[in-house]
Amino acid sequence: MDRLKLVLLGPPGVGKGTQAALLSEKFGIPKIATGDILRNEIAGDSPLGKIARQTIGQGKLVSDDIVIEIIKDRLKNKDCERGFILDGFPRTVVQADALSHITDIDSVVSMDVDHPEIIHRLEGRRTCSRCQKMCHLEFHPPKKEGMCDDCGGALFQRKDDHRETIEKRLLEYDRMTKPLLKYYEDRKKLFPVNGMGSMQEVFSKILSVLGFSG
Ligand code: AMP
């Protein structure tokens with residue numbers, strides 16, 4: 001593979017982050033997640049973080065201008081020369097149009113699972129306050145309650161993983177992000193994948209739709 005510029009599309013909790021990490025490792029290209037970048041800004045209490053904290057906590061989308069600027073900057077990095085995997089960007093048609101002016105995307109993999117399953121996945125998700133690694137109380141429980149398996153940091157439930165906020169995020173997805181399915185379908189870039197199944201099963205499906213063998 002010479003170069004791969006990939007977008008992962010799908011509702012929150014569908015497993016984009018997990019698959020982006022697997023793809024990043026397989027192809028040796030960076031996974032770029034606007035959600036992670038924004039959470040870092042929040043952790044650092046930067047001016048941008050202060051704006052993002054409130055919006056994210058309400059399950060709403062951060063403004064297009066902000067995330068477009070973040071991506072424009074990030075894609076200039078040398079580590080993107082052989083491509084990248086975008087996780088959580090674009091999330092609106094405005095962002096997709098802006099992206100098309102920044103660079104040419106090769107393919108968009110859209111993942112889907114039904115909403116009750118998403119709520120189940122997100123509600124049980126816990127994040128490490130130190131290394132940000134995620135686990136799931138039911139599917140991948142921590143060895144020691146409340147403690148990250150990797151670094152021993154305290155686990156917490158992200159505010160946007162509370163039931164009420166999850167439902168708002170799903171509404172935002174349907175309203176703002178779902179139109180991107182047609183947007184990329186019209187441009188012959190869309191590769192839909194069913195997000196149900198194990199991490200490895202979904203990974204194999206993604207590789208297969210992209211024409212790579214597992
Ligand atoms: P994520 O970790 O991708 O679910 O992102 C967490 C939150 O960050 C989202 O619910 C949004 O509030 C915000 N966010 C992340 N990416 C974007 C984006 N591309 N556009 C707008 N808001 C975003």
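Everything numeric in this text was worked out from a predicted model, so none of it was measured. Note that ligands are numbered from 1 as they come in the structure, with each ligand's atoms numbered from 1 the same way.
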Q: Tell me which one of Arg169, Lys60, Lys168 gets a heavy atom nearest to atom 12 (O) of ligand 1.
A: Lys60

Q: Assess Glu172 for proximity to ligand 1: is some non-hydrogen atom of it under 4.0 Å away?
A: no

Q. Which of the listed options, Val62, Ile37, Thr177, holds the heavy atom that is closest to atom 22 (N) of ligand 1?
A. Val62

Q.
If I apply the N/O under 3.5 Å rule, does Thr34 come out as touching ligand 1?
A. yes

Q. Looking only at heavy atoms of Arg158, does any of them come nearer than 4.0 Å to an atom of ligand 1?
A. yes

Q) Would you say Asp160 has any N or O atom under 3.5 Å from an N or O of ligand 1, going by distance alone? A) no

Q.
Is there a polar contact between ligand 1 and Asp36, counting only N or O atoms under 3.5 Å apart?
A. no

Q: Check the angle between the aromatic planes of Phe139 and His120 and answer parallel, tilted or perpendicular using the 30° and 60° thresholds.
A: perpendicular

Q | Cationic N near anionic O, under 4.0 Å, Lys168 to Glu172 | A | no

Q | 4.5 Å side-chain heavy-atom contact, Tyr173 and Arg175 | A | no

Q | Side-chain donor/acceptor of Arg53 to backbone N/O of Ile42, under 3.5 Å | A | yes

Q. Which residue supplies the protein heavy atom nearest to atom 1 (P) of ligand 1, what is that atom called, and how far is it?
A. Arg91 NH2, 3.5 Å

Q.
Return the closest protein heavy atom for atom 8 (O) of ligand 1 as residue, atom name and distance.
A. Ile56 CD1, 3.4 Å

Q | Nitrogen or oxygen of Val67 less than 3.5 angstrom from that of ligand 1 | A | no

Q | Sole candidate of Lys31, Arg158, Arg74 that passes salt bridge (Lys or Arg N to Asp or Glu O under 4.0 Å) when paired with Asp36 | A | Lys31

Q: Consider every N or O of Thr55 and every N or O of ligand 1, then say whether any pair is closer than 3.5 Å.
A: no

